[in-house]
Undergrad: 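First the structure, then my questions, so here it is.
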Amino acid sequence: AAHDPYHSQSEALREVRTQLLTHWLTPQRKVLAVVSPAPGDGRSYLAANLAVSFAQLGEKTLLVDADLRSPRQHRIFGLGGGAGLARALAGGLGVGVAERIAYFDDLSVLAAGAAPPNPLELLSRGDLRRLLTEARQEYGVVIVDTAAGARGADARLIAARADGVLLLAHKDR
């Protein structure tokens with residue numbers, strides 16, 4: 001979406017964004033969890049590109065890398081070693097620790113941060129609910145990249161805390 005806006009995949013991403021804008025996004029529904037069954041399904045790629053496409057539209061967008069088992073967003077966006085989601089949840093920090101992406105006026109990314117020894121327990125605490133409530137107030141769109149469903153209950157827990165879920169699946173798989 002950022003580097004090749006006329007590619008057919010960029011057009012497909014804008015179509016997904018349009019469907020979300022017209023049928024899902026409201027002032028009460030802002031947090032979208034992107035989930036998939038298996039590692040390598042393209043969940044992080046989809047979440048990153050959706051976040052970029054919303055930011056390109058002028059929506060103040062937050063991308064949260066809640067895959068505390070195998071995070072990817074820090075690599076996709078070339079982020080440094082900021083506090084991250086794990087530290088935000090463990091230390092009661094807010095969405096203010098998200099890093100603003102310089103080449104997009106309206107995009108911030110909250111990377112996963114250092115891998116915790118207990119990802120599901122950390123996500124299960126009330127701090128995730130608090131952080132998502134704060135994100136709803138600060139941002140127009142919040143995209144949450146989750147761990148693969150096969151890696152534990154993380155994605156199901158995050159989906160239950162989000163306002164909606166986008167399930168990514170491969171045909172015939």
Undergrad: Please say whether more than 12 non-hydrogen atoms of neighbouring residues, nucleotides or ligands are located less than 6.0 Å from CZ in Arg69.
TA: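 Yes, the 6.0 Å shell around CZ holds more than 12 heavy atoms from other groups.
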
Undergrad: Taking all atoms of both residues into account, what is the closest heavy-atom pair of Gly84 and Val97, and its distance?
TA: O-CG2, 4.5 Å

Undergrad: Under a 4.5 Å side-chain heavy-atom rule over Ile, Leu, Val, Met, Phe, Trp and Tyr, are Leu107 and Ile143 clustered together?
TA: yes

Undergrad: Are Glu134 and Tyr139 close enough that a side-chain donor and a side-chain acceptor fall under 3.5 Å?
TA: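 Judged by distance alone, the side chains do not pair up.
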
Undergrad: With heavy-atom distances below 4.5 Å as the criterion, would you say the side chains of Leu32 and Leu20 are in contact?
TA: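 SC-SC contact between Leu32 and Leu20 confirmed.
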
Undergrad: What's the verdict on side-chain contact (heavy atoms from CB on, under 4.5 Å) for Gln19 and Glu15, showing C-alpha distance, side-chain angles and the deciding distance?
TA: CA-CA 6 Å; Gln19 291 294 323; Glu15 175 62 28; 2.9 Å; yes

Undergrad: Identify the heavy atoms of Ala159 and Ala33 that sit nearest to each other, and give their distance.
TA: CA-CB, 4.2 Å

Undergrad: Lys30 side chain to Arg136 main-chain N or O, any donor-acceptor pair under 3.5 Å?
TA: yes

Undergrad: Do Val142 and Val64 come within less than 4.5 Å of each other through their side chains, counting heavy atoms only?
TA: yes

Undergrad: Rounded to the nearest 0.5 Å, what's the gap from CG on Leu131 to CZ on Arg161? Could you check?
TA: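 Interatomic distance, Leu131 CG to Arg161 CZ, rounded to 0.5 Å: 12.5 Å.
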
Undergrad: With rounding to the nearest 0.5 angstrom, report the CG to CG distance, Leu68 to Leu89.
TA: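 If I round to the nearest 0.5 Å, the distance is 7.0 Å.
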
Undergrad: Can you tell if the side chain of Arg17 reaches within under 4.5 Å of the side chain of Leu57, non-hydrogen atoms only?
TA: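 Yes, their side chains come closer than 4.5 Å.
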
Undergrad: Could you tell me whether Arg72 and Asp145 have a side-chain N and a carboxylate O separated by less than 4.0 Å?
TA: no

Undergrad: Look only at the side chain of His170 and the backbone of Asp41, and say whether a donor-acceptor pair between them is shorter than 3.5 Å.
TA: yes

Undergrad: When you measure from the side chain of Ser124 to the backbone N and O of Leu122, does any donor-acceptor pair fall under 3.5 Å?
TA: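 No; zero donor-acceptor contacts below 3.5 Å.
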
Undergrad: Would you check if Leu166 and Trp24 make a side-chain contact, meaning some heavy-atom pair closer than 4.5 Å?
TA: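 No, every pair of side-chain atoms sits at 4.5 Å or beyond.
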
Undergrad: For the CG atom of Leu110 and the CG atom of Leu93, what is their distance to the nearest 0.5 Å?
TA: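 It is 9.5 Å, given to the nearest 0.5 Å.
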
Undergrad: Within a reach of under 6.0 Å around CZ of Arg129, are more than 12 heavy atoms found that belong to other residues, nucleotides or ligands?
TA: no

Undergrad: Let me check something: do Val52 and Val16 share a hydrophobic cluster, defined by ILVMFWY side-chain heavy atoms less than 4.5 Å apart, either directly or through other members?
TA: yes

Undergrad: Test side-chain contact (heavy atoms from CB on, under 4.5 Å) on Asp106 and Phe104 and set out the steps.
TA: CA-CA 6 Å; Asp106 295 308; Phe104 295 104; over 6 Å; no

Undergrad: Thinking salt bridges, do Asp105 and Lys60 make one under a 4.0 Å N-O criterion?
TA: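 Salt bridge: no.
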
Undergrad: For Pro39 versus Ala148, what's the shortest heavy-atom pair and its separation?
TA: N-CB, 3.4 Å

Undergrad: Quick one: does Gln73's side chain have a donor or acceptor within less than 3.5 Å of a partner on Ser44's backbone?
TA: yes

Undergrad: Please check if the side chain of Asn49 supplies one atom and the backbone of Leu46 the other of a donor-acceptor pair under 3.5 Å.
TA: no

Undergrad: Is any side-chain heavy atom of Val95 closer than 4.5 Å to one of Glu138?
TA: yes

Undergrad: With Leu123, which of Thr146, Asp154, Asn118 fulfils side-chain contact (heavy atoms from CB on, under 4.5 Å)?
TA: Asp154

Undergrad: With rounding to the nearest 0.5 angstrom, report the OG to CZ distance, Ser70 to Arg43.
TA: 8.0 Å

Undergrad: Does the side chain of Ile158 reach to within under 4.5 Å of the side chain of Leu128, using non-hydrogen atoms?
TA: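 A side-chain contact exists here, since the closest heavy-atom pair is under 4.5 Å.
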
Undergrad: If you compare all heavy atoms of Ala155 against all heavy atoms of Val35, which two are closest, and at what distance to 0.1 Å?
TA: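 So the minimum-distance heavy-atom pair works out to CB-CG1, 4.0 Å.
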
Undergrad: Kindly determine whether Leu21 and Phe54 satisfy side-chain contact (heavy atoms from CB on, under 4.5 Å), including the steps that lead there.
TA: CA-CA 9 Å; Leu21 282 168; Phe54 275 109; 3.8 Å; yes

Undergrad: For residues Val34 and Val144, determine if any side-chain heavy atom of one lies less than 4.5 Å from a side-chain heavy atom of the other.
TA: no

Undergrad: Under 4.5 Å between side-chain heavy atoms, hopping through other hydrophobics if needed: is there a path connecting Leu62 to Ile76?
TA: no

Undergrad: Flag yes if Val109 and Val141 sit in one hydrophobic cluster, no otherwise; membership is Ile, Leu, Val, Met, Phe, Trp, Tyr, and two members link when side-chain heavy atoms are under 4.5 Å apart.
TA: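 They do share one cluster, since a chain of ILVMFWY contacts under 4.5 Å joins Val109 to Val141.
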
Undergrad: Does a side-chain heavy-atom distance below 4.5 Å link Glu99 with Ser108?
TA: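 Heavy-atom side-chain distance check fails, nothing below 4.5 Å.
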
